[in-house]
Amino acid sequence: MSEKKYVIAMDQGTTSSRAILFNKKGEIMSVVQREFPQIFPKPGWVEHDPMDIWSSQMGVTMEAMQRIDADPEDIAAIGITNQRETTVVWDAKTGRPVYNAIVWQCRRTSGMIDKLKADGLAQTVQKKTGLIPDAYFSASKIAWILENVPGVRERAERGELRFGTVDSWIIWNLTDGKVHATDRTNASRTMLFNIHTLDWDEEILSYFNIPRSMLPKVLPSSKLFGSTSKFGGNIPIAGAAGDQQAALFGQCGFEAGSVKSTYGTGGFMLMNTGADAILSKQGLLTTIAASAGEEVQYAFEGSVFIAGAAIQWLRDEMRMLKTSPQSEEYCRAVPDSNGIYIVPAFSGMGAPYWQQYARGTIVGITRGVSKDNFIRATVESLAYQTNDLLAAMTDEAELELQSLKVDGGASANDFLMQFQSDISNITIMRPKCIETTALGAAYLAGLAVGYWKDLDEIRENWQCGREFTPGIEPERRKKLLRGWKRAVQCAIFWAKEEENDDD
Ligand code: ADP
């Protein structure tokens, strides 16, 4: 048997599909990416055509193989990572979707979630699924399709329809309808999956009136799902995980206490909590982490709504920057923010505050405050928000932090990374390869087929690009954090006043 050269990661994201071929060292040998159309039928509604998802993913994969003349025989396995929660329902016989994919961002089912809360089910749902009920998750989206697309309810009751998150949809198509499966991490984002018993939950299914026959089989993330002949030959599909979980795995976050923080448009932090599914009192989500074996591992998840988006705001609305990376030189031009704090709560604040009506707030302005200070305070806000999540996680998990690994576009900002290290009093490790999501999917698949022997072999691939260690006085750190807390209180106070206005 010839030596396999590559593992393919299919990275099916919200705005684009990508395929990357990795070699054994975890290096990118070929990458192709393609955007596909976003459909906005009404304000607040977001859809994708499932056929666009599938055809763009196939297209980029073939092209990525062709670019380096890779044959099917060269491919050890395919791993899939995907936009989470997005919901597809299709006909089991024809493979035709009965409706567009309802994308995670879509808010059309908010009313159903309000009702679920009014029905007193929020706590039960959190206990079972680890999630705080929200329209993001798949459950209410499936229910919407069943209730609103003509004929679909009857077909579902007759057992003719299948539901899947995007990973399932791709696996179904890759196997010509032979395999209807998902992995645990994706299942844990449906709000239908009991993360303790590792089974679909009867009570929640019946609340949403979703027939069990629609649901995929749930497998561990690193496992043989099936094989595909779509590229000629026979390639095993051997791994799948939702994007954030794949990224934690790609960052080698294998043990309890490992944390990764992604600084993209928004921010995502995941902490591996090992075999314990800890339920948060501060509004963090409990979810399943991707793991190499059969044993389940859990994670805490928290998000920052506005991270890199605040830098875009400086660039596009405030017109203070030409490019996002330019922010760094402004930050370095001054010794501090000159006493101002900017809380970019443009669309409310998430964990640990959960103030949906909070709005952006700037405090502490004096005559000496310059554009440099303004930009610096904005960049610093990414670190403060991340620190709030980190503090909530370490507090609730009662875990000693091993390291904070970072990725995402804004993690390229050295000033930001140093400031994060300073105020969180932690060593920040930024890897050389920041394509951690795709890499995680590749590792999961490669491990399942023996392309990589074990986790140690993968750990050897993780190379630190740069490390940042704390360099400020504890007193100064305390003072800065106190200031931030007061600024956040101002943003919340503002929201409270508005609530009173509404009365
Ligand atoms: P996403 O995956 O959410 O599209 P990316 O991981 O590509 O996001 O990161 C893009 C975001 O990072 C943008 O909001 C951009 O403003 C910000 N960004 C990129 N480079 C820098 C930088 N050097 N300093 C600060 N922010 C940056």
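Numbering of ligands and ligand atoms starts at 1, following listing order. The shown structure was predicted, so the numbers you read here are calculated from the model rather than taken from an experiment.
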Legend entry - 4.0 Å protein heavy-atom contact status of atom 9 (O) of ligand 1, strictly under: yes
Legend entry - Contact summary for F415 and R332, nearest pair of heavy atoms: N-NH2, 3.2 Å
Inset, instruction - Output yes when E301 and R84 qualify as a salt bridge under the 4.0 Å nitrogen-oxygen rule, no when they do not. - result: yes
Inset, instruction - Look at the rings of W484 and Y341 and say which category their plane angle falls in: under 30° parallel, 30 to 60° tilted, over 60° perpendicular. - result: tilted
Legend entry - Residues S138, R189; criterion side chain to side chain contact (heavy atoms under 4.5 Å, CB included); working and verdict: CA-CA 7 Å; S138 316; R189 314 301 294 189; 5.6 Å; no
Inset, instruction - For the pair E63 and R34, find out whether any cationic side-chain nitrogen is under 4.0 Å from an anionic carboxylate oxygen. - result: yes
Inset, instruction - Starting from atom 4 (O) of ligand 1, locate the nearest protein heavy atom and write down its residue, its atom name and how far away it is, to 0.1 Å. - result: T265 OG1, 3.4 Å
Inset, instruction - From atom 25 (C) of ligand 1, work out which of T437, N413, T15 has a heavy atom at the shortest distance. - result: N413
Legend entry - Nearest neighbour of atom 23 (N) of ligand 1 from the list G13, S411, A307, P325, on a heavy-atom basis: P325
Inset, instruction - Out of G409, S327, A410, G266, indicate the one that has the non-hydrogen atom closest to atom 7 (O) of ligand 1. - result: G409
Legend entry - Whether Y99 and W144 hold their rings parallel, tilted or perpendicular, with breakpoints at 30° and 60°: tilted
Inset, instruction - May I ask you to check whether I311 has an N/O atom sitting below 3.5 Å from an N/O atom of ligand 1? - result: no
Legend entry - Part of S324 within contact of ligand 1 (heavy atoms, under 4.0 Å): both
Inset, instruction - Decide whether the shortest distance between a heavy atom of Q312 and an atom of ligand 1 is less than 4.0 Å. - result: yes
Legend entry - Numbering as shown, the atoms of ligand 1 that approach A309 to under 4.0 Å (heavy-atom distance): 14 (O)
Inset, instruction - Find all atoms of ligand 1 within a distance of less than 4.0 Å from any non-hydrogen atom belonging to G408, and give their numbers and elements. - result: 6 (O)
Inset, instruction - Give a yes or no on whether the backbone of M349 and the side-chain of W354 come within a donor-acceptor separation of less than 3.5 Å. - result: no
